[in-house]
Peer 1: 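Quick one: structure below, then a few questions.
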Number of protein chains: 4
Amino acid sequence: MTATRRGRPPAGPERWNALVQAAYECLAEGGFERLRMRDVAARVGIDHSSIHHHFPTKQDLVVAVVDHATRQFWSTTPPDGGPVERLRHHLATLRQKISDEPELHIVLRELDLRARRDPELREIIAGREEGWRNSLRTLLTDAAAAGALAAGVDPATGAELVIATVKGASLAAEHAGDVLELLDHLLIRA
Amino acid sequence: MTATRRGRPPAGPERWNALVQAAYECLAEGGFERLRMRDVAARVGIDHSSIHHHFPTKQDLVVAVVDHATRQFWSTTPPDGGPVERLRHHLATLRQKISDEPELHIVLRELDLRARRDPELREIIAGREEGWRNSLRTLLTDAAAAGALAAGVDPATGAELVIATVKGASLAAEHAGDVLELLDHLLIRA
Amino acid sequence: MTATRRGRPPAGPERWNALVQAAYECLAEGGFERLRMRDVAARVGIDHSSIHHHFPTKQDLVVAVVDHATRQFWSTTPPDGGPVERLRHHLATLRQKISDEPELHIVLRELDLRARRDPELREIIAGREEGWRNSLRTLLTDAAAAGALAAGVDPATGAELVIATVKGASLAAEHAGDVLELLDHLLIRA
Amino acid sequence: MTATRRGRPPAGPERWNALVQAAYECLAEGGFERLRMRDVAARVGIDHSSIHHHFPTKQDLVVAVVDHATRQFWSTTPPDGGPVERLRHHLATLRQKISDEPELHIVLRELDLRARRDPELREIIAGREEGWRNSLRTLLTDAAAAGALAAGVDPATGAELVIATVKGASLAAEHAGDVLELLDHLLIRA
DNA sequence: GATGAATGAGATTTCATTCAT
DNA sequence: GATGAATGAAATCTCATTCAT
């Protein structure tokens with residue numbers, strides 16, 4: 001997106017990224033059912049068969065999209081600060097992402113569903129989600145240790161509630177903010 | 001399912017129901033991406049072209065499946081009793097459904113995703129979900145009136161939290177029970 | 001079309017005729033390419049499979065239509081009178097038919113074209129056309145004997161010219177009248 | 001048709017032309033009713049799905065055939081010379097075409113009939129025919145100005161007579177020559 | 001005679017992928 | 001690396017016809 005532009009479409013790793021991005025957009029717009037190599041290629045401006053130089057099979061492209069999409073989402077590393085601030089910050093960031101980039105949720109849900117039948121995808125997604133899950137548990141455990149959690153809230157289960165809610169909330173973007181705010185209110189005592 | 005079976009495949013409305021059920025199962029197993037008229041027909045034991053006798057187009061079959069699936073799920077009418085019992089019962093029923101029939105959730109999520117691009121499905125699903133939403137709101141409002149709701153819980157938003165959680169929880173069936181139990185605990189004071 | 005109506009659709013030979021008429025209309029509207037047993041049956045108001053009781057195969061129905069259509073057209077028997085009047089009358093009748101019932105021409109052209117690959121149809125049509133041809137030749141021969149034909153017009157070839165013109169004229173119904181009038185003018189001297 | 005053939009099937013525009021020609025032949029042999037993409041492809045020696053690389057839909061192929069067929073026929077531009085010679089020459093050329101290439105007439109009649117229900121074809125064909133019609137009218141007008149037309153022959157109607165005859169004459173190729181000769185005799189005085 | 005269900009052959013079209021240039 | 005042509009498998013849908021009721 002910066003250099004290597006001499007009047008001709010760029011090649012090399014830029015092309016690779018452009019293809020992943022294009023596939024991501026196609027997926028957001030039409031779902032897996034309508035994800036076509038042709039459309040992805042067209043969006044980048046190359047021939048539909050040239051795409052196979054970068055991604056031998058369609059699955060390879062999909063895997064790259066999974067990597068791209070999951071990386072973006074769960075990587076919300078909370079900043080320094082007390083346990084409560086960090087947890088609050090994380091939930092706030094999730095809220096923001098959901099309203100700022102709704103297509104990301106669509107893509108994640110598509111991938112999640114597809115992962116059910118595709119072990120390769122399942123592993124990648126599970127790996128990323130596990131990172132998030134652990135991070136969440138730590139957050140909640142710290143909050144609990146600080147006495148900032150609602151009574152009877154098990155940190156591990158609380159983490160699942162957040163995950164389940166985020167995934168479900170993306171269904172109806174207009175409610176997502178309120179729901180997560182409620183979650184914040186319910187879970188955190190202080 | 002009752003009579004008229006003398007060694008020959010049954011016909012009439014039974015066949016219709018069997019096809020819907022078969023499509024439902026195919027959808028649960030392979031998702032929309034792998035939903036094939038051929039497979040549905042084969043599962044019922046008729047020729048793949050005969051299916052068009054009952055459902056002129058694939059979409060017609062899908063619509064019937066939507067109807068079948070959504071009808072099952074949201075129709076959990078809580079019994080008589082006090083507000084708290086009714087709400088508790090409803091949440092418990094949802095918990096039960098999630099663990100008893102996980103494929104139902106898969107199908108619903110497939111449909112939900114597909115509805116994004118298919119207005120016909122969208123309307124059907126939205127109609128059913130609206131019924132559930134209203135029912136939930138009433139339940140929560142009644143509970144609030146009885147002073148049984150956690151402080152600061154708006155009934156409407158609470159309903160959305162339940163919906164979001166249920167939809168999200170179905171992603172990871174193994175956590176669903178705990179999550180909903182927590183929700184119960186958090187939302188309900190008494 | 002007259003009797004046997006007791007609140008239920010009629011059967012028997014009336015049904016047969018109705019089916020032929022319906023097929024004729026379908027043929028006029030959509031050509032052979034879109035002639036469907038279903039549509040024919042629907043037009044008469046019976047089930048599409050019941051049609052096979054009257055016409056075992058589609059070809060049988062088509063043959064009946066051929067019979068129906070060709071009978072109508074070529075059967076313009078000229079009345080008594082002098083040779084010139086009879087010929088003039090015949091040409092006038094053709095003119096009239098072309099403008100009154102344009103769909104008849106469409107059907108005949110469809111049949112004519114199809115007859116090229118269907119010996120059964122070919123024979124029926126050829127048989128009918130032969131009758132017309134002979135009748136035309138006699139007319140022209142009589143006119144020639146009466147000295148009423150344009151100089152150098154061979155009766156047999158003149159007959160072919162009329163046939164060719166009528167068949168071609170039906171292509172553009174708006175010109176048909178003028179063209180046949182010109183033919184009258186050119187062929188007949190008196 | 002010139003170079004680049006080393007034991008492998010030719011590609012590029014040659015393939016395109018070959019497909020049009022093949023479709024034309026199929027149409028001549030079996031009519032629209034039996035025009036199959038499969039057969040066209042087979043005649044050229046490629047897979048039946050490859051044909052869609054050149055003609056996305058069947059209609060596109062048909063349009064190309066229309067273009068091919070109509071271009072051939074009406075483009076008989078008469079040479080220099082007096083009005084009578086030019087008209088005679090044109091009629092003679094038509095006679096020749098009819099006997100030399102009878103399948104062209106078959107195809108044209110198929111197209112003509114189909115154009116009744118297909119606006120796209122109708123326009124193409126109408127456009128071409130209009131060119132022929134105008135050319136004929138000019139010819140006849142010139143001949144009339146030269147006093148070479150039969151008495152009472154309106155040039156415009158005369159043009160229609162020729163068109164109708166040619167179209168009709170193609171039905172019975174064995175009579176076409178005589179009929180057109182008669183037309184020549186009747187129309188032209190000198 | 002009429003009906004509804006079923007059949008099976010076949011037609012168009014789509015699409016990931018391969019290959020030679 | 002890119003391209004255009006070709007492939008082959010598969011999917012939906014159509015339709016004349018048959019069969020049991």
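Just the heavy atoms: all of them, side chains too, but no hydrogens, waters or symmetry mates, feed the values below. A, B, ... follow the sequence lines: proteins, then strands. Residue 1 opens every chain.
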Peer 1: Below 4.0 angstrom, N of the basic side chain to O of the carboxylate: do Glu33(D) and Lys58(C) qualify?
Peer 2: no
Peer 1: For the backbone of Thr57(B) and the side chain of Asp60(B), can you confirm whether one donor and one acceptor N or O come within less than 3.5 Å of each other?
Peer 2: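 Yes, the answer is positive, given that a donor and an acceptor are paired below the 3.5 Å cut-off.
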Peer 1: Check the distance between dT14(F)'s P and Met37(D)'s CE and give it to me in whole angstrom.
Peer 2: 18 Å
Peer 1: Given dG8(E), dT12(F), dT17(E), which nucleotide is nearest the side-chain atoms of His52(A)?
Peer 2: dT17(E)
Peer 1: Return whichever of Gln59(A) or His48(B) has its heavy-atom-nearest nucleotide of DNA chain E closer to the 5' end.
Peer 2: His48(B)
Peer 1: Measure the distance from CZ on Arg36(B) to P on dT12(F) and round it to the nearest whole Å.
Peer 2: 6 Å
Peer 1: Please report the distance, rounded to the nearest Å, between CG in Asp60(B) and P in dT14(F).
Peer 2: 11 Å
Peer 1: Rounded to whole Å, how long is the line connecting atom CD1 of Ile51(B) with atom C1' of dA5(E)?
Peer 2: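 For the pair Ile51(B) CD1 and dA5(E) C1', the rounded distance is 13 Å.
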Peer 1: Go nucleotide by nucleotide along DNA chain F from the 5' end; which of Pro56(C) and Arg38(A) gets its closest nucleotide reached first?
Peer 2: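 Checking each residue's closest nucleotide, the 5'-ward one belongs to Arg38(A).
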Peer 1: Check this for me: does the side-chain of Ser50(C) come within 3.5 Å of the base of dG1(E) through a donor and an acceptor?
Peer 2: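 Answer is no: no donor-acceptor pair is held.
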Peer 1: With heavy atoms under 4.0 Å as the rule, sort Leu35(D) into base, sugar-phosphate or nothing.
Peer 2: sugar-phosphate
Peer 1: Is there a Watson-Crick or G-U wobble partner for dA11(E) with both distances under 3.5 Å, and if so, which one is it?
Peer 2: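 Across all strands, the one nucleotide that pairs with dA11(E) is dT12(F).
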Peer 1: Assign each of Ser49(B) and Lys58(A) to its nearest nucleotide of DNA chain E by heavy atoms, then name whichever residue's nucleotide is nearer the 5' end.
Peer 2: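 Here Ser49(B) is the residue nearer the 5' end.
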Peer 1: Expressed in angstrom and rounded to an integer, what is the separation of His53(C) atom NE2 from dT17(F) atom P?
Peer 2: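 About 14 Å, once rounded to whole Å.
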Peer 1: In whole angstrom, give the distance that lies between atom CD of Glu33(C) and atom C1' of dC15(F).
Peer 2: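 Roughly 14 Å, once rounded to whole Å.
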Peer 1: Whole angstroms only, please: what is the CZ-P distance between Arg34(A) and dT14(E)?
Peer 2: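 Going from Arg34(A) (CZ) to dT14(E) (P), I get 14 Å.
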Peer 1: Less than 4.0 angstrom from a charged side-chain N to a carboxylate O is my criterion; do Glu29(C) and Arg43(C) meet it?
Peer 2: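 Salt bridge: yes.
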Peer 1: Tell me which nucleotide among dA5(F), dT3(E), dT12(E) gets nearest to the side chain of Asp47(C).
Peer 2: dT3(E)
Peer 1: Please report the distance, rounded to the nearest Å, between CG in Leu61(D) and P in dT13(E).
Peer 2: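 Whole-Å distance recorded here is 10 Å.
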Peer 1: Applying a 3.5 Å limit to both distances, which nucleotide forms a Watson-Crick or G-U wobble pair with dA20(F)?
Peer 2: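 Pairing partner: dT3(E).
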Peer 1: For the side chain of Thr57(B), starting at C-beta, report the closest nucleotide among dT14(F), dT18(E), dC13(F).
Peer 2: dC13(F)
Peer 1: Between Arg38(D) and Leu35(D), is there a donor-acceptor pair closer than 3.5 Å when you use the side chain of the first and the backbone of the second?
Peer 2: no
Peer 1: Is Gln59(C) atom CD crowded by more than 12 heavy atoms from other residues, nucleotides or ligands, each under 6.0 Å away?
Peer 2: yes
Peer 1: Ignoring the backbone of His54(D), work out which of dA5(F), dA11(E), dG1(E) is nearest its side chain.
Peer 2: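 Closest of the options to the side chain of His54(D): dA5(F).
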